[in-house]
Visitor: 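Take this structure first; my questions come after.
Note that the structure is predicted; figures quoted are calculated from it, not measured.
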Amino acid sequence: MTRKLRAAPRTARPLLVAALVLTLLAGGFAVWGGWAWYAAAHDDTAAYAGQRDSALAAGEQAVQNLNTLDHREADRGLDLWESSTTGELHQQLTEGRKEFTAQVKSAKTVTTAKVLSSAVTELDDRAGRARVLVALRVTVKAPGAEKTDKDSRMLGELTRTGGGWKLSALGQAPVGGTPAG
């Protein structure tokens with residue numbers, strides 16, 4: 001009596017191969033996903049972009065602050081100027097505050113600034129320095145006169161302090177073919 005052995009069904013082998021292929025694909029995807037997450041978490045580009053955005057926001061606000069002043073609230077406005085600045089610019093503002101306050105109150109002017117556009121032109125994250133170019137519209141209202149608008153471009157230098165980015169220098173940007181000083 002001979003016994004015949006039956007061969008395993010042919011359908012079991014393709015299912016085993018498919019399960020093995022799917023397992024290998026899932027493992028490969030998990031390794032790739034883990035590596036991509038690690039690379040993104042340790043990439044300095046995101047931190048650099050965050051510093052750039054922070055410097056730009058602070059620069060815009062500081063330039064706007066230094067071009068806005070109401071004679072009726074001069075002390076409050078000048079406090080804002082001082083809190084927006086550092087270094088030599090801050091020193092100039094604090095030293096000349098008394099005379100400037102008297103001039104603004106006697107002229108009775110109100111100036112307001114609105115940022116039209118801006119860009120970071122230079123950023124040294126390690127040294128904590130940045131430069132911004134800010135285009136703004138300054139509206140001046142003097143007693144007995146119509147409001148006047150003036151568009152200007154300002155170059156600002158920022159320094160990172162313990163309190164964030166502060167304006168350390170501010171000047172007019174050269175226009176057209178005018179050489180930069």
Visitor: For residues 86-93, which side-chain donor-acceptor pairs fall under 3.5 Å, sequence neighbours excluded?
Guide:
{"from": "Glu88", "atom 1": "OE2", "to": "Gln92", "atom 2": "NE2", "distance (Å)": "3.4"}
{"from": "His90", "atom 1": "ND1", "to": "Glu82", "atom 2": "O", "distance (Å)": "3.0"}
{"from": "His90", "atom 1": "ND1", "to": "Thr85", "atom 2": "OG1", "distance (Å)": "3.1"}
{"from": "Gln91", "atom 1": "NE2", "to": "Glu95", "atom 2": "OE2", "distance (Å)": "2.9"}

Visitor: A quick test of your reading: do over 12 heavy atoms of other residues, nucleotides or ligands sit less than 6.0 Å from CZ of Arg153?
Guide: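 For Arg153, atom CZ is crowded (more than 12 foreign heavy atoms under 6.0 Å).
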
Visitor: Would you call Asp125-Arg52 a salt bridge at under 4.0 Å N-O?
Guide: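 Not counted as a salt bridge, because no side-chain N and carboxylate O are separated by less than 4.0 Å.
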
Visitor: Less than 4.5 Å apart, side chain to side chain, heavy atoms only: is that true for Arg72 and Lys108?
Guide: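 Answer no - side chains too far apart.
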
Visitor: Is the closest basic N to carboxylate O distance between Asp70 and Arg76 below 4.0 Å?
Guide: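 So Asp70 does not pair with Arg76 through a salt bridge.
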
Visitor: Do the side chains of Asp151 and Lys114 get close enough for a salt bridge, i.e. N-O under 4.0 angstrom?
Guide: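 Salt bridge flag = no for Lys114 with Asp151.
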
Visitor: Does Met154 form a side chain to side chain contact (heavy atoms under 4.5 Å, CB included) with Leu136? I'd like the steps, not just the answer.
Guide: CA-CA 8 Å; Met154 307 292 290; Leu136 68 157; 3.4 Å; yes

Visitor: Is any side-chain heavy atom of Leu78 closer than 4.5 Å to one of Trp81?
Guide: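 Result yes, sub-4.5 Å side-chain heavy-atom pair found.
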
Visitor: Is there side-chain contact between Ser152 and Gln172, with heavy atoms separated by less than 4.5 Å?
Guide: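 Side-chain contact under 4.5 Å: yes.
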
Visitor: Report yes if some heavy atom in the side chain of Val104 is under 4.5 Å from a heavy atom in the side chain of Leu69; otherwise report no.
Guide: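 When only atoms from C-beta onward are counted, Leu69 and Val104 do touch, with a gap below 4.5 Å.
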
Visitor: Hey, does the side chain of Lys166 reach the backbone of Ser83 with a donor-acceptor pair shorter than 3.5 angstrom?
Guide: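 A pair under 3.5 Å: yes.
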
Visitor: Can you confirm whether the side chains of Glu157 and Ser168 place a donor and an acceptor under 3.5 Å from each other?
Guide: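 No donor-acceptor contact under 3.5 Å links the two side chains.
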
Visitor: Is there a side-chain contact between Thr111 and Thr139 in this structure, where contact means two heavy atoms from C-beta onward sitting under 4.5 Å apart?
Guide: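 They are not in side-chain contact.
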
Visitor: Please evaluate residues Leu170 and Leu167 with respect to the criterion side chain to side chain contact (heavy atoms under 4.5 Å, CB included), reporting the C-alpha separation (whole Å), side-chain torsions for both, the decisive distance (0.1 Å), and the verdict.
Guide: CA-CA 7 Å; Leu170 183 63; Leu167 204 57; 4.1 Å; yes

Visitor: Honestly curious: do Val31 and Phe29 fall in one hydrophobic cluster under the side-chain, below-4.5 Å linking rule?
Guide: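 Result: no, two separate clusters.
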
Visitor: Just wondering, more than 12 heavy atoms not from Glu99 lying within 6.0 Å of its CD?
Guide: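 Check passes, neighbour count above 12.
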
Visitor: Before you tell me yes or no, could you show the steps for His71 and Val110 under side chain to side chain contact (heavy atoms under 4.5 Å, CB included), namely the whole-Å CA-CA distance, both residues' side-chain angles and the distance that decides it to 0.1 Å?
Guide: CA-CA 6 Å; His71 70 92; Val110 177; 3.8 Å; yes

Visitor: So which heavy atom on Ala55 is nearest to which on Val132, and how close?
Guide: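 Taking every non-hydrogen atom into account, O-CG1, 4.3 Å.
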
Visitor: Cluster question for you: counting only ILVMFWY and a side-chain heavy-atom cut-off of under 4.5 Å, with indirect links fine, are Leu25 and Val17 together?
Guide: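 Result: yes, single cluster for both.
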
Visitor: Looking only at atom types and distance, does a side-chain atom of Ser54 sit under 3.5 Å from a main-chain N or O of Gly50, one as donor and one as acceptor?
Guide: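 Absent.
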
Visitor: Test of understanding: clusters of I, L, V, M, F, W, Y form through side-chain heavy atoms closer than 4.5 Å, transitively. Do Val134 and Leu155 belong to the same one?
Guide: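 Different clusters.
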
Visitor: Using only atom types and a distance under 3.5 Å, with no angle test, would you say the side chain of Tyr38 pairs donor to acceptor with the backbone of Gly33?
Guide: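 No.
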
Visitor: Would a distance-only check, ignoring hydrogens and angles, find a side-chain to backbone donor-acceptor pair under 3.5 Å from Thr68 to Asn65?
Guide: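 Absent.
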
Visitor: Does the side chain of Trp165 come within less than 4.5 Å of Leu56's, by heavy atoms?
Guide: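 Side chain of Leu56 against side chain of Trp165, heavy atoms only: no contact under 4.5 Å found.
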
Visitor: If we only count heavy atoms from C-beta on, is the Arg97 to Phe100 side-chain gap below 4.5 Å?
Guide: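 The answer is no, as the side chains (C-beta and beyond) never meet within the 4.5 Å cut-off.
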
Visitor: So which heavy atom on Ser84 is nearest to which on Leu66, and how close?
Guide: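 Taking Ser84 first and Leu66 second, the nearest heavy atoms are CB-CD1, 4.1 Å.
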
Visitor: Walk me through it: do Ser118 and Leu133 pass the test side chain to side chain contact (heavy atoms under 4.5 Å, CB included)?
Guide: CA-CA 6 Å; Ser118 64; Leu133 175 64; over 6 Å; no

